[in-house]
2 protein chains.
Amino acid sequence: MGRSDHRPGSQLPVTPPTLADVAERAGVSRQTVSNAVNNPDLLRPDTLVRVRQTIAELGYSPNRAARNLRTRTSSLIGLRFTPAQEGTANAMMDRFVHSLVEASEEAGYAVLLFPGDDEDPIGGYDNLLRSTAVDAFVVTDTYLGNPQATWLTQQRAPFVAFGRPWDDDVARHVWVDVDGAAGTALATQHLIDRGHSRIAWIGWRKDSPIGEDRRSGWLSTMHANNLPTTGLASRVEDVVHSGAEAAAVLLDESAPTAFVCASDTLAMGVLHTLWIRQLAPGTDIAVVGFDDSQVAQVYPVGLTSVRQPLEDVAVEIVRTLRALLSHQPVESRGVLLTPTLAIRESS
Amino acid sequence: MGRSDHRPGSQLPVTPPTLADVAERAGVSRQTVSNAVNNPDLLRPDTLVRVRQTIAELGYSPNRAARNLRTRTSSLIGLRFTPAQEGTANAMMDRFVHSLVEASEEAGYAVLLFPGDDEDPIGGYDNLLRSTAVDAFVVTDTYLGNPQATWLTQQRAPFVAFGRPWDDDVARHVWVDVDGAAGTALATQHLIDRGHSRIAWIGWRKDSPIGEDRRSGWLSTMHANNLPTTGLASRVEDVVHSGAEAAAVLLDESAPTAFVCASDTLAMGVLHTLWIRQLAPGTDIAVVGFDDSQVAQVYPVGLTSVRQPLEDVAVEIVRTLRALLSHQPVESRGVLLTPTLAIRESS
DNA sequence: CTCGCCCCCTTGATCGATCCAACGAGCGTC
DNA sequence: GACGCTCGTTGGATCGATCAAGGGGGCGAG
């Protein structure tokens, strides 16, 4: 049965056909039709053909509500959807959500979005969970001391986090994350391979574990290559303006020939400073960003950027969810994926 | 009953409490508990208080599947989620989806995402519809001869389109859209107010009705102000590169002092050409884009851009959906909203 | 020829909330 | 005091699919 078996000209009847309708028409019992859908192996081949034909004729699809009620599952995955911050280059949520939708669909799940509310971070989760509206959650905003993860664990609600629990002592849940340090290491090594030796770092303030992780990739790669790092690092707010200022200061004081940034937003700031100083990105000074956002791709001088493998993250998350939901033992508590480098004119 | 009545320390029982559990504990019948939830007015005040207290004690939430089965509704709105095209500045989908999720939630709906498949454009819709998994759809990708809209209309499936049906003869469905012409008119008038008179247009190829609509806003405003337009318009592919080329040609041949573009992507191209020619955006040459994408906000020289009122679009869509679903007469077949102008350094 | 077994299929019960028709108490009216 | 009426409440039936048993026919073995 191809998935294109909807007959273009046909109108949906006022009330869709039920299992009983199909059963009567095919001359079998309800259970047999049910088996034809869910356990085809139990039927004799000729019966199966006959029932399937009737199903196609009537355009039957199992009623989701009835199935959900009986099986106590919904085939839905809940995702709290908070908007991308305006003024920031990071729009990876869009890409991630799409990947998740695709991966979920292949596993027979659909994605249910619900809004977030900072004042009551678990309100939405609580509602969906108690009304058994979703089978599991994907939690994306895992920051330090994340209340959702703790609460969901306490409720024994199945969920997978996108993002490591940085406060590792109570990390009882499963997670999938991208290795930020590996990403910046990749970027740094790429610049070294291009002949740079004075490579500067512009990152976030110290209270961000993700920022510190990304910074460590730069630091360790520099050390491994016996290159200097003193006076070459700076920590600022994640806004264009701050990136520009930091670049200006670093250029004046330490004369780097390349920049690795914790985000595309900061990299934009660096490009701005280069512009003002009439320095050509890529030829005079190399710049690498992080997240491969749309700015990186659209900016007239393409920005080299670390790209998170969000498609793989989604697939891994769904795989883990399936294991959780089928009560299979989850092999590992966390999965760490390595990003790639999208190389463009700026490096 | 505040929405924060989840007791933090409590664990969800293995099987959640049912209506019957609450009824027994409160010493009333199931129907009375149901009324307490859905029609509080029918209960005597003291009974209502007692039942509500029991509900709170047990942490009861109506089982969604059971309710859906009985009422033949799901409180879900289906949205086909296709990814933003990479290499294009347009990431408004993210903003729109969030707005839709918020607006839906306020109306008691949640948003269900399902993947799109260009080969079988109605496959996902068909499945969800036949299995009565969603109450209605929001259709976003309405292009010329859009098959989904036609098919959904034929199936009598409730849906609202974001986007006008440009082939108006078979436009039987309701829609909400943003007035692109009004947006570019706003942009053009803004430039005229700033003293520009030679204002160029860079738009899409002629086969795009949306592009032609946006172009008409520029054209009519120019005409209304008795300003020349000959030699000042060009139609290209929606990529940065093409925008840059068009800008170069226009600058050489027609000496415009300002550009209005059909997209931020094209505006990026213009900025690139200005850069190469050492022209300062905003002071030497003014540029206005369309969609207020993240590049417009993050680009070192903030790009003035037409901003679609996506929040309002979402609210309007949900309002229309509610009317459709409650079988109220829909006042008007289409709603057209006016965009605003986000003014930045480039103009 | 009969028994037993397996395979294939059928029947009744169930998930939990809502719809429906009816019922009892309280009150006013004649 | 009986009747009709309203209001709050009640028990049974229902939505459509799946679970858990139960049944009948064909075939080989005793």
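Treat the numbers as computed from the prediction; the structure is a model and nothing was measured. Each chain gets a letter, A, B and so on, in the order its sequence line appears, and its residues count up from 1.
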Write down the atom of B/Phe159, the atom of B/Leu324, and the distance for their closest heavy-atom approach. O-CD1, 3.6 Å
What distance do A/Asn63 atom CG and A/Leu69 atom CG have between them, rounded to the nearest 0.5 Å? 10.0 Å
Does A/Thr18 place a side-chain N or O at less than 4.0 Å from the phosphate oxygens OP1/OP2 of D/dG16? no
B/Asn68 has an atom CG; how far is it from atom P of C/dC15, in whole Å? 18 Å
Check whether any side-chain N or O of B/Arg67 sits under 4.0 Å from OP1 or OP2 of C/dG16, and answer yes or no. no
From the list D/dT9, C/dC8, D/dG16, which nucleotide is the closest neighbour of the side chain of A/Arg44? C/dC8
Please pick, from D/dT18, C/dT18, D/dG8, the nucleotide with the shortest atom-to-atom distance to any side-chain atom of A/Leu19. D/dT18
Can you figure out which of D/dT9, D/dA13, D/dA17 approaches the side chain of B/Leu43 most closely? D/dT9
Between C/dG16, D/dG16, D/dA20, which nucleotide gets closest to the side-chain atoms of B/Arg72? D/dG16
Would you confirm whether the ring centroid of B/Phe114 sits within less than 6.0 angstrom of the ring centroid of B/Phe81? no
Could you state the CG-P distance from B/Asp41 to D/dT9, rounded to the nearest angstrom? 13 Å
Heavy-atom nearest pair, B/Val37 first then B/Pro62, reads CG1-CG, 4.2 Å
What integer distance in Å separates A/Asp46:CG from C/dC7:P? 17 Å
Closest approach to the side chain of A/Ser29, judged atom by atom: which nucleotide of D/dT10, C/dA13, C/dT11 is it? C/dT11
Establish, with yes or no, whether the OP1 or OP2 oxygen of C/dC19 is under 4.0 angstrom from a side-chain nitrogen or oxygen of B/Thr71. no
Could you check whether B/Arg30 gets within reach of a base, just the sugar-phosphate, or nothing at all, counting any heavy atom under 4.0 Å? base
How many whole angstroms separate atom CD of B/Gln31 from atom C1' of D/dC7? 14 Å
For A/Leu42 and D/dT18, give me the distance from atom CG to atom P, rounded to whole Å. 13 Å
Measuring from the side chain of B/Asn38 (C-beta onward, heavy atoms only), which nucleotide among D/dT10, C/dG16, C/dT18 has the closest atom? C/dT18
Can you tell me which nucleotide in C/dT18, D/dT18, D/dC15 comes closest to the side chain of B/Leu69? D/dC15
What contact category does B/Val28 fall into here, base, sugar-phosphate, or nothing, at under 4.0 angstrom with non-hydrogen atoms? sugar-phosphate
Rounded to the Å, how far apart are B/Asn63 CG and C/dC15 P? 12 Å
Among A/Asp46, A/Val33, A/Asn35, side-chain contact (heavy atoms from CB on, under 4.5 Å) partner for A/Val51: A/Val33
Does a side-chain N or O from A/Thr32 land closer than 4.0 Å to OP1 or OP2 of C/dC8, or not? no
A/Tyr60 side chain N/O closer than 4.0 Å to the phosphate oxygens (OP1, OP2) of D/dG16? no
Please report, rounded to the nearest Å, how far the P atom of C/dC7 is from the CG atom of A/Leu48. 18 Å
Separation of C/dC8 atom P from A/Asn39 atom CG, nearest Å, is 13 Å
Under a 4.0 Å threshold between the charged nitrogen and the carboxylate oxygen, would A/Arg130 count as salt-bridged to A/Asp126? yes
